[in-house]
Amino acid sequence: MPEKTAMDARHWHGFTTAIGEVLRPEQCISDLPRRLAYSTDASFYTLIPQLVLQLDNLAEVRQVLRLATQWSIPLTFRAAGTSLSGQAISDSVLLTLSTKWQQAEVLEQGARIRMQPGLIGAKANAALAPLGYKIGPDPASINTCKIGGIAANNASGMCCGIVHNSYHTLADMTLVLADGSMLNTHDEQSVSQFRQTHKALLDGLASLRDRVRADTILSQRIRHQYRLKNTMGYGLNALLDYTDPLAILTHLMIGSEGTLGFIGELTLHTVKVAPLRATGLFLFENASAACACIASLKQLGAAAVELMDARALRRVADMLNTYSTAPVADTAVALLIDVTDNNAPALATRLASIMAALEQSARVQVMCPFTQVSEEIERLWQIRKGLFPAVGAIRESGSTVIIEDIAFGLADLAAGLGALDTLFTRHGYDEAIVFGHALDGNVHFVFTQKFETAEDIARYQAFMQEVSTLVVEQFAGTLKAEHGTGRNMAPFLTQQWGSAAVQVMQQIKHLIDPAGILNPGVIINPNKHAHLQHLKQLPAVDPIVDKCIECGFCEPQCPSRNLTLTPRQRIALMRRASLLPVAARAEVEKAFGYLADTTCAATGMCATSCPVGIDTGAWIKQRRALHTPDAASFMANHLALTHRASRSALSTVSWLAKTIPVSILETASQRAHEISRALPVYHRYVPAGATTVLPTSAGYKDKVVYVPGCPNRLFAAPPGYDPLPDVVVRLLNKAGIEVIIPAKYSRYCCGQPWRSKGNIAAACHHEAAMSSLLASYTEQGRWPVITDASPCALNLHTQQGLNIVELAEFLLTTVVPRLEISPHPEPLMLHVSCSSQQLDGGKSLRTLAKRLSVEVTEAQDISCCGFAGDKGFTCPQLNESALASLAGQIPPRTQWGFSNSRTCEIGLTKAAGIHYQHIAYLLDKVSESLPSNFSGAVYAP
């Protein structure tokens, strides 16, 4: 909180003392480094919370709210923190959700779904997909944002429109008010009790309802505003749409941005997904020509129409080159059109009608005709999805990316776009781009902005004032179509709504949150300059991460997100710390050793979902390079010796585990690790040392060079199973392929372990030596190279002149067609390693698994296992945190799990309680040789 008075300090002490009695210490974050990490959301504002609470259940939420009310302590709810308008930050208490809020229950065969607020939106859709449904809201951040945030902001998206947002699909809600009272509309007893205990509140809402309905002018204004997408202010349409004050209350909660209460559970009516889809891309001479078609497209049932202006198209010119290399004219506007239907004849009829409507315009160029090929559709949508990051990728260091969302009536859309372009020119935002959901007249404009000087701020202030005047007064549009009022539009609330409507909103706030403790400063804010305060600065930290726009899209991929920090938080922490006094910076730097250097898996998974492709792990590895221990360099220079010593140690410990209780070994190992963090932690699932005797391959015309990865040189196979190299050779011989294992291969390494530790010199040395070895054994690239550890394949796959193939991919594409497969009849678990995800999105491993088994299950919220090379031994809590939910997701009768990285399999086995092993074992088990394998034909490498 800001500087406190004596009364404030007394209240704060009373609150924090009471909190310490109801929450565990680990749920309360008060240290400066982690508070700084929570000081940002996806907006361009920043506030440092004084306390961050991580709550496990509704009972804790109710207790905290009661105490906050008792001691007059402001607090803010935060879900995923993808808010673009500053709704999810606080300088007081920030309430966050632990991992225990992710349950979903599909109801009525998919027609409804009940969800907890911590569930990621895409996970809800994954649960509904087998039944052919999805939730209505489809924000661009759906792979990251959570249900609580989606509802609290009434987020919509590209296909949602007005009809399918949270407000219009709401079925039931569990909510908690500022006084800690709870209402569950699904529970008749809860409803009856609430009507009695909160009669004054409900009567107050009924009175507001009657007053608004009696005011013809205000009622007309409300209806007029909601003819478009509108998330500006509270949902006053609830006062017109519903009579029961209870229904008014629950619908006011939608879009209230956490200022009225906490949404503890949400049940939504779902939307049926049409099974057939076609997408096309069309370029128009100007905005007038493009917008003239939109009403017809809407009438003809287009599912989505995305508009992109000329500046936007130039930002993604590399993606457009597939369809046209001609320069884009300054006035050009493109429409990306999505069409869906339930059967092929109906889709064909709809497409024909839409094409006829488009062809009426002589000023349209077909860049890509409608296609139903899923890969092509995805490629087209990547153009649209690439627009926001395209601006972020070119922004000047120190500037932030601002995205605003407005809506015009369709009749005004072309003129509104022209007027907006004039404002860009007048205020010098020459890089600004416009794109949006044309069917709803909802457009986003994106530009870059610094907030380092008074002139910077004044420029932004003047621009936003003119934007609000243009949208509200010239075109009677809405200033916030889907991102919420937040802080940046709160000063313009009266300009859009008028004083009478704002007075009603103020009364709503006072009725439901009389103490005003919930998310103060958001939506209702009397400060006319609120949008110019607490502006985020983005000082340079490192060129690797400086383009981060702090959107949070990386966070679901990060294995340390529930242990320490996420990639966004690590970057935000160091940015905010650079603006602090020297002593505070030193405190942050000291803590950063564990919060980042130790607990970052550095597998690069964050880059796979980052809009601008930032690999925060590369930054961390660069930091590690500054502190490479001498022992690591020795091991890199004496690889074979290191492996021999490691195998011997593993076998010795395995022998000890047979003679003394394993629990004693585990305890002793843990205590030794606590004394010296460099020592690995032993547990009962650590394998013995591997055998060094390699199998001999039969000879065939088709050949492959096989280099066993370091993990399979070190660790023995699961008990009762042959070593993996034996299985690989036997399996490939079964398919009529000779396996060549280079002599003295044990002296060579792909370099990945050393690159991960930041020892770039050692990594480069090993990569070069391995490349030379493989060139010789493959006869200069004639034969493909396989390795049984997917991280090795990822690190080697860019080697020039060599065809490096990850083993699972080789098995799928080359071995499986030569074998007779009898799919495994029992369910199995599959883990797609980070390296497989980065190589081909995990496609090969998933396809192979589904070919080999009748039932394959992947854990829904685990993208990286957190073992990260040897971190599973030296920082076991990272692996444990990343896999905390694994055991609870294993279906009955499942005995085995499969992956393609030995160290990952060790951590997975420990977490799951079932054995994980390389998928080659499964293929060997369910396959038989075909006679055609031995015809002698040589395949192309």
Side-chain angles (χ1 to χ4, degrees), residues 132 134 136 138 156-164 228-229 271-310 312-313 316 319-320 322-324 328-329 331-385 387 407-414 417 434-443:
K134 66 176 182 177
D138 62 337
S156 50
M158 287 171 274
C159 302
C160 176
I162 299 171
V163 177
H164 294 140
L228 304 174
K229 277 187 176 181
V271 177
K272 191 70 176 175
V273 178
L276 299 180
R277 180 185 183 192
T279 306
L281 180 63
F282 305 88
L283 185 68
F284 294 80
E285 184 178 297
N286 52 44
S288 296
C291 293
C293 298
I294 294 172
S296 296
L297 294 172
K298 190 170 189 174
Q299 184 179 4
L300 293 169
V305 177
E306 293 295 298
L307 178 148
M308 299 170 277
D309 74 353
L313 294 171
V316 289
M319 298 184 189
L320 280 176
T322 303
Y323 309 103
S324 174
V328 175
T331 61
V333 170
L335 296 181
L336 179 67
I337 305 173
D338 229 33
V339 184
T340 61
D341 222 309
N342 294 318
N343 57 71
L347 180 62
T349 300
R350 194 183 299 275
L351 289 175
S353 300
I354 288 175
M355 282 305 303
L358 292 174
E359 288 166 358
Q360 291 179 6
S361 173
R363 294 175 293 177
V364 61
Q365 172 191 343
V366 180
M367 299 188 76
C368 178
F370 281 110
T371 175
Q372 297 182 53
V373 179
S374 57
E375 292 81 7
E376 190 65 26
I377 290 174
E378 180 61 25
R379 192 175 299 118
L380 287 167
W381 276 97
Q382 285 304 320
I383 294 172
R384 161 61 180 84
K385 294 174 182 177
L387 294 177
F408 300 109
L410 287 185
D412 296 321
L413 184 55
L417 292 174
V434 175
F435 58 89
H437 320 314
L439 290 178
D440 301 303
N442 170 202
V443 294

**OP:** Any salt bridge (charged side-chain N to carboxylate O under 4.0 Å, His left out) involving residues 345-355? Give me the pairs, sequence neighbours left out, ordered by first then second residue.
**Re:** Asp341-Arg350
**OP:** Compare all side-chain heavy atoms of Leu413 with those of Leu417 and state whether any distance is below 4.5 angstrom.
**Re:** yes
**OP:** Answer yes or no: is there a side-chain heavy-atom contact under 4.5 Å between Leu336 and Met308?
**Re:** yes
Original post:
Atom CG in Asp338, atom CG in Leu380: separation rounded to 0.5 Å?
Top reply: 9.0 Å
**OP:** Quick one: do Ser324 and Gln365 satisfy side chain to side chain contact (heavy atoms under 4.5 Å, CB included)? Show the steps, please.
**Re:** CA-CA 10 Å; Ser324 174; Gln365 172 191 343; 3.9 Å; yes
**OP:** Write down the atom of Leu281, the atom of Ala334, and the distance for their closest heavy-atom approach.
**Re:** CD1-CB, 4.3 Å
**OP:** Check step by step if side chain to side chain contact (heavy atoms under 4.5 Å, CB included) holds for Arg277 and Gln372.
**Re:** CA-CA 6 Å; Arg277 180 185 183 192; Gln372 297 182 53; over 6 Å; no
Donor-acceptor contacts under 3.5 Å from residues 285-293 side chains, at least two apart:
from   : atom 1 : to     : atom 2 : distance (Å)
Asn286 : OD1    : Ser288 : N      : 3.2
Asn286 : OD1    : Ala289 : N      : 2.8

Subject >> Closest heavy-atom pair and its distance - Ala344, Leu276 >> reply: N-CD1, 3.2 Å
Subject >> Over all atoms of both residues, closest heavy-atom pair of Leu439 and Lys298 >> reply: O-NZ, 3.1 Å
**OP:** Would you check if Phe282 and Met367 make a side-chain contact, meaning some heavy-atom pair closer than 4.5 Å?
**Re:** no
**OP:** Would you sort out whether Thr340 and Leu347 count as a side chain to side chain contact (heavy atoms under 4.5 Å, CB included), showing the intermediate values?
**Re:** CA-CA 7 Å; Thr340 61; Leu347 180 62; 5.8 Å; no
Original post:
If you look at every heavy atom in Leu410 and Ala438, which pair is closest and at what distance?
Top reply: CD2-O, 3.2 Å
**OP:** Go through the steps to decide whether Leu283 and Leu313 satisfy the test side chain to side chain contact (heavy atoms under 4.5 Å, CB included), and finish with yes or no.
**Re:** CA-CA 10 Å; Leu283 185 68; Leu313 294 171; 3.7 Å; yes
**OP:** Nearest 0.5 Å please: distance from the CG atom of Leu358 over to the CD atom of Gln360.
**Re:** 9.0 Å
Original post:
Does Ser353 reach the main-chain N or O of Thr349 with its side chain, forming a donor-acceptor pair under 3.5 Å?
Top reply: yes
Original post:
To the nearest 0.5 Å, what is the distance between CE (Met158) and CG (Asn442)?
Top reply: 11.0 Å
Original post:
So, for Leu300 and Ala357, which heavy atoms are closest and what is the spacing to 0.1 Å?
Top reply: CD1-CB, 3.9 Å
**OP:** Calculate, to the nearest 0.5 Å, the distance between atoms SG and CD1 belonging to Cys368 and Ile337 respectively.
**Re:** 11.5 Å
Original post:
Where the side chain of Asn342 meets the backbone of Ala274, is there a donor-acceptor pair that is under 3.5 Å apart?
Top reply: no
Original post:
Rounded to the nearest 0.5 Å, how far apart are NZ of Lys229 and CG of Asp440?
Top reply: 4.5 Å
Original post:
When rounded to the nearest 0.5 angstrom, what distance separates CD in Glu378 from CD1 in Ile383?
Top reply: 11.0 Å
Subject >> Any Asp309 side-chain heavy atom under 4.5 Å of Phe435 side chain >> reply: no
**OP:** Please report the closest heavy-atom contact between Phe370 and Val339, naming both atoms and the distance.
**Re:** CE2-CG2, 3.8 Å
